[in-house]
Amino acid sequence: MRESDVDAVVAAEQCIYDFPWTRGNFTDSLKAGHSAWICSEATDLSAYAVMMSVIDEVQLLNLSVLPQHRRRGLGSELLVHLFKAARGHGAKRMFLEVRAGNEAGQALYRRFLFAEIGRRRGYYPATDGREDAIVMMREL
Ligand SMILES: CC(C)(COP(=O)(O)OP(=O)(O)OC[C@H]1O[C@@H](n2cnc3c(N)ncnc32)[C@H](O)[C@@H]1OP(=O)(O)O)[C@@H](O)C(=O)NCCC(=O)NCCS
């Protein structure tokens, strides 16, 4: 992901999430040197992801596939790409947080052998209050 991709990514983010990342979240991530990726064919953005490295661990901050491109293996492909990139930086474990009500996300992560290691109560804003985060981890 480059600065020139951020317009398309922000537009996608707003269409995917009730509580989207802002433009500033993406540009700050790029400035901070986070590992940020997009999948696209010509100008058709289909998926993107951002992860942060901290010593020998990585935190998956965002993994998103545009609705019209889902269930075609793109989320899986991008995740496998992130595993390789993380291992290339010497990471041993990947952590992530996912909304307790996000069945698609949890199904994807369980399929890739992420295990639930904790919960953060009321971590996320939700349309009807707050929602728990499930914390997951996978050895790399
Ligand atoms: C979660 C998400 C990234 C999955 O992307 P995707 O490209 O559709 O995923 P894949 O096609 O690689 O699916 C791989 C497997 O994950 C599981 N899965 C994916 N979507 C699912 C769904 N809606 N319901 C149940 N299982 C699902 C299935 O096991 C699937 O395998 P199958 O299609 O052979 O059954 C996508 O739905 C998305 O962007 N959702 C909104 C953003 C989001 O929730 N991101 C994760 C937040 S942490």
Side-chain angles (χ1 to χ4, degrees):
M1 188 188 301
R2 303 193 174 91
E3 284 279 346
S4 56
D5 300 313
V6 170
D7 279 348
V9 170
V10 169
E13 179 81 6
Q14 287 173 350
C15 122
I16 293 172
Y17 295 100
D18 288 336
F19 298 90
W21 276 27
T22 62
R23 167 178 297 280
N25 293 141
F26 286 104
T27 54
D28 286 352
S29 267
L30 292 178
K31 281 187 200 130
H34 294 164
S35 187
W37 304 88
I38 60 160
C39 302
S40 67
E41 265 181 54
T43 57
D44 181 25
L45 176 72
S46 48
Y48 54 93
V50 180
M51 74 177 172
M52 173 176 75
S53 300
V54 183
I55 310 175
D56 62 350
E57 295 175 351
V58 289
Q59 178 89 25
L60 179 56
L61 301 176
N62 192 321
L63 174 70
S64 306
V65 176
L66 278 284
Q68 65 274 29
H69 292 284
R70 288 183 191 160
R71 296 310 281 269
R72 288 181 9 207
L74 260 183
S76 302
E77 207 176 312
L78 192 47
L79 200 48
V80 168
H81 176 75
L82 295 176
F83 294 157
K84 285 191 195 138
R87 285 190 203 107
H89 295 135
K92 303 277 189 290
R93 281 168 294 279
M94 181 179 284
F95 292 84
L96 61 86
E97 277 132 14
V98 57
R99 283 180 182 264
N102 184 348
E103 289 176 13
Q106 287 170 46
L108 172 68
Y109 298 136
R110 291 221 162 79
R111 186 167 164 151
F112 281 90
L113 306 180
F114 279 87
E116 179 173 341
I117 58 163
R119 269 190 184 238
R120 299 190 206 282
R121 299 274 167 218
Y123 183 76
Y124 292 110
T127 43
D128 55 354
R130 308 285 304 178
E131 183 172 4
D132 290 353
I134 296 179
V135 184
M136 304 186 94
M137 191 273 287
R138 182 198 197 271
E139 302 286 344
L140 294 171

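Counting convention: from 1, in listed order, for ligands and their atoms alike.
- Nearest protein neighbour of atom 45 (N) of ligand 1, counting heavy atoms only, is Leu63 O, 2.8 Å.
- With Arg70, Glu13, Met136, Arg99 as candidates, the residue nearest to atom 38 (C) of ligand 1 on a non-hydrogen basis is Arg70.
- Ring orientation note: the planes of Trp21 and Phe26 are tilted relative to one another, at an angle of 30° to 60°.
- Contacts between Tyr109 and ligand 1 below 4.0 angstrom, taking non-hydrogen atoms only, involve the side chain exclusively.
- In the vicinity of Glu97, heavy-atom distances shorter than 4.0 Å reach the ligand 1 atoms 48 (S).
- Summarising the geometry of Leu82 relative to Ala49, their closest heavy-atom pair is CD1-CB, 3.8 Å, with the distance given to 0.1 Å.
- Salt-bridge check for Asp56 with Arg93: passed, with a basic side-chain N closer than 4.0 Å to an acidic carboxylate O.
- Listed by number with element, the atoms of ligand 1 under 4.0 angstrom from any heavy atom of Ser64 are 39 (O).
- Residue-ligand proximity, Ile16 to ligand 1, at heavy-atom distances under 4.0 Å covers atoms 41 (C), 42 (C).
- Of the N or O atoms in His69, none lie within a sub-3.5 Å distance of an N or O in ligand 1.
- Of all protein heavy atoms, the one closest to atom 2 (C) of ligand 1 is Leu108 CD2, 4.4 Å.
- The shortest contact between atom 8 (O) of ligand 1 and any protein heavy atom is with Arg71 N, 2.8 Å.
- For Gly75, a nitrogen or oxygen atom sits less than 3.5 Å from a nitrogen or oxygen atom of ligand 1, counting backbone and side chain alike.
- Cluster annotation: Met52 and Leu79 are assigned to distinct hydrophobic clusters (Ile/Leu/Val/Met/Phe/Trp/Tyr, side-chain heavy-atom contacts under 4.5 Å, transitive).
- With respect to atom 5 (O) of ligand 1, the closest heavy atom belonging to the protein is Val65 CG2, 3.5 Å.
- The protein atom (non-hydrogen) at minimum distance from atom 11 (O) of ligand 1 is Gly73 N, 2.8 Å.
- If you check which protein heavy atom lies closest to atom 13 (O) of ligand 1, you get Ser76 OG, 4.0 Å.
- Listed here is the closest heavy atom pair of Arg119 and Ala100: NH1-CB, 3.9 Å.
- Among Ala49, Gly105, Ala104, the residue whose heavy atom lies closest to atom 18 (N) of ligand 1 is Ala104.
- Side-chain polar atoms of Tyr48 and Glu13 form a donor-acceptor pair below 3.5 angstrom.
- Polar contact with ligand 1: present for Asn102 (N/O pair, distance under 3.5 Å).
- Shortest contact from atom 42 (C) of ligand 1 to any protein heavy atom: Tyr17 OH, 3.1 Å.
- At a cut-off of 3.5 Å, with distance as the only test, a side-chain donor of Ser64 or Asn62 sits close to an acceptor on the other residue.
- Here the heavy atom of the protein found nearest to atom 26 (N) of ligand 1 is Ala107 CB, 3.3 Å.
- In Arg72, the part holding a heavy atom less than 4.0 Å from any atom of ligand 1 is the backbone.
- The minimum heavy-atom distance between Ala12 and Leu66, with the atom names listed, is CB-CD1, 3.7 Å.
- Between Arg111 and ligand 1, an N or O atom pair is found at a separation short of 3.5 Å.
- A pairwise comparison of heavy atoms in Leu60 and Val50 identifies CD1-O, 3.6 Å as the closest pair.
- Taking only nitrogen or oxygen atoms, main chain and side chain alike, Val98 does not reach within less than 3.5 Å of ligand 1.
- Distance NE2/His34 to CD/Gln59: 10.0 Å, rounded to 0.5 Å.
- Seen from the ring of Phe83, Arg138 counts as a face-on cation partner, given the 6.0 Å and 45° thresholds.
- With 3.5 Å as the limit, one finds no donor-acceptor pair spanning the side chains of Asn102 and Glu131.
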